[in-house]
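The structure is given below, and queries will be raised subsequently.
Note that the coordinates shown come from a computational prediction; the quantities given were computed from them, not determined experimentally. Both ligands and their constituent atoms are indexed starting at 1 by order of listing.
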Amino acid sequence: MYLELKNLSKSFGEKEVVKNLSLSLGKGELLCLLGSSGCGKTTTLKMIGGFLKPDAGEIRVDGQNITCMEPEERPVSTVFQSYALFPHLTVLDNVTYGLKFQKIKKKEAKEMGMKYLEKVGLTEYAHSKIHEISGGQQQRVALVRSLITKPKVLLLDEPLSNLDAKLRIKMRQEIKQIQREFDITMVFVTHDQEEAMVLGDSIAIMDQGNLIQIGKPEEVYTHPANDFARNFLGVSNCFRDDAGNEIHCRPEDLFFAVEGNIHGEIIREEFLGFYRQYYIRVTDGSQVLLRAERDIVRQKGEKVILGMK
Ligand SMILES: Nc1ncnc2c1ncn2[C@@H]1O[C@H](COP(=O)(O)OP(=O)(O)O)[C@@H](O)[C@H]1O
Ligand SMILES: [Mg+2]
C-alpha cells in the first residue's frame, strides 16, 4: 500500500481525538475521509502532513516511515481550506513558490509553472494577482501550487467548503480530473457525504476519533458496517414489520405493494421534481421514508402496504 496509517492516536489534554486509527490507500487512489465536525479529520490530516505529532502509531508513504519527519521533508503536500495563497504575488509566483526550496532555477521554475497553469486552464491569468481571480480559480491555483512540487501524497482539508453550491459541484469534477491526470494519491477531507461518494475511490467514515468503516462508496452504502455508517451515508429507515421483525432499509428500497406485512398510512408527501417521497406511519408507530418515481402518487391519509426490494 502506498499510504499507510498504523494505529495512530492523538490526544489533546485528556481528550483522545484520534483513536488507534489504521487505514491504507493504493497509489493513485483518492480516499475521502468523511465525518461530522469535530470527529478528528483535520487532526488526522495534520499528522500525515507533519503539522502534529502523533502520540502513538506510524505513518508510511511508499514504504518509507515518515512519522518523525518535518513537514517540509515529507513527500506530502497539503491544500488548506483557506488555500493560504499569497495575495500580493501573481498567480504564477504563487504556483512556483514551493520550487524555491527545491533549488530549481527561476527560468525553469517559470516554465514549469506555465505548464501546470496550462493544465488547469489558467494560462491567461498567470500574471494576475490572486484577488483578481475567482474563488474557483483560486482553488485551482492552490491545487497546482501543491502538485508542482510533485508530492507522493496530496492532502486536502475541506477544500470546497468556501465555494457556493454550484461551483462546489463543478470543482468536484475538476479535482477528480486533475487527480486522474496527475495520477496523484489523495486524501480528501469532507463532511459532505455526496462529495465523498462522487469523489472517493474509497471512503473512510470517522466518528469521534474512530474509523467506523472504509471501502468503495458503493460497498459502504449498500453494506454499512453499523447504524452510524448507515445513517451517515444517506438516509436509513429502522422499524418493525407487522410481525415484529426489525428492518433496516433505505427509502429507495421500499415500494407500494399489493400485499405484505408492512402496513402503514401516508402522513406526508413531498414532490422533489424527479421523485416523490412519502412519510408513512407503520404498525409499530415509526415514521418510515419511501422514495418513489414521480408518477407514483398516493394521498395523505391513504392506507398502504409496503414491499421491500
Ligand atoms: N490544538 C488543539 N487543542 C485542543 N483541542 C483540539 C485541537 N485541535 C483540535 N482539537 C479538538 O479535537 C477534536 C477534533 O478536531 P478536528 O480534527 O479539527 O475535527 P474535524 O476536522 O473532524 O472537524 C475537536 O473536538 C477539537 O475541538
Ligand atoms: Mg476539520
Check your understanding: Which heavy atom in Phe228 sits nearest to a heavy atom in Ile205, and how many Å separate them?
Key ->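 Smallest interatomic distance, heavy atoms only, reads CE2-CG2, 3.8 Å.
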Could you pull out the N/O contacts under 3.5 angstrom between ligand 1 and the surrounding protein atoms?
residue	atom	partner	partner atom	Å
ligand 1	17 (O)	Thr42	N	3.4
ligand 1	17 (O)	Thr43	N	2.9
ligand 1	17 (O)	Thr43	OG1	2.5
ligand 1	19 (O)	Gly40	N	3.3
ligand 1	21 (O)	Thr42	N	2.9
ligand 1	21 (O)	Thr42	OG1	2.7
ligand 1	22 (O)	Cys39	N	3.2
ligand 1	22 (O)	Gly40	N	3.0
ligand 1	22 (O)	Lys41	N	2.9
ligand 1	22 (O)	Lys41	NZ	2.9
ligand 1	23 (O)	Gly38	N	2.6
ligand 1	25 (O)	Lys15	NZ	2.7

Check your understanding: Between Lys41 and Ser36, is there a donor-acceptor pair closer than 3.5 Å when you use the side chain of the first and the backbone of the second?
Key -> yes
Review point. Do other residues, nucleotides or ligands put more than 12 heavy atoms under 6.0 Å from the CD atom of Glu218?
Key: no
Can you give the donor-acceptor pairs under 3.5 Å from side chains of residues 182-193 to other protein atoms, not counting sequence neighbours?
residue	atom	partner	partner atom	Å
Thr185	OG1	Gly28	N	2.8
Thr190	OG1	Asp192	N	2.8
Thr190	OG1	Glu195	OE2	3.1
His191	ND1	Glu158	OE1	2.7
Asp192	OD1	Glu194	N	2.9
Asp192	OD1	Glu195	N	3.1
Gln193	OE1	Gly234	N	3.1
Gln193	NE2	Phe232	O	3.4

Review point. When you look at Ser9 and Asn20, which way does the side-chain hydrogen bond (donor to acceptor under 3.5 Å, both in side chains) test go after all the steps?
Key: CA-CA 5 Å; Ser9 295; Asn20 205 24; 4.7 Å; no
Point to revise | Qualifying residue for side-chain contact (heavy atoms from CB on, under 4.5 Å) with Val79, from Leu156, Ile175, Asp157 | key: Leu156
Exercise for review: Anything protein N/O/S under 2.8 Å from the Mg ion (ligand 2)? Just list residue and atom, please.
Suggested key: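 Near the Mg ion (ligand 2), the protein supplies Thr42 OG1.
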Point to revise | With Leu30, the side-chain contact (heavy atoms from CB on, under 4.5 Å) member among Leu154, Leu25, Leu199 | key: Leu199
Exercise for review: Go through Arg281 and Phe239 one step at a time and tell me if the side chain to side chain contact (heavy atoms under 4.5 Å, CB included) criterion holds.
Suggested key: CA-CA 10 Å; Arg281 174 101 52 226; Phe239 62 98; over 6 Å; no
Study note, to complete from the structure: Excluding Phe274, membership of its hydrophobic cluster (Ile, Leu, Val, Met, Phe, Trp, Tyr; side-chain heavy atoms within less than 4.5 Å) reads Leu272, Tyr275
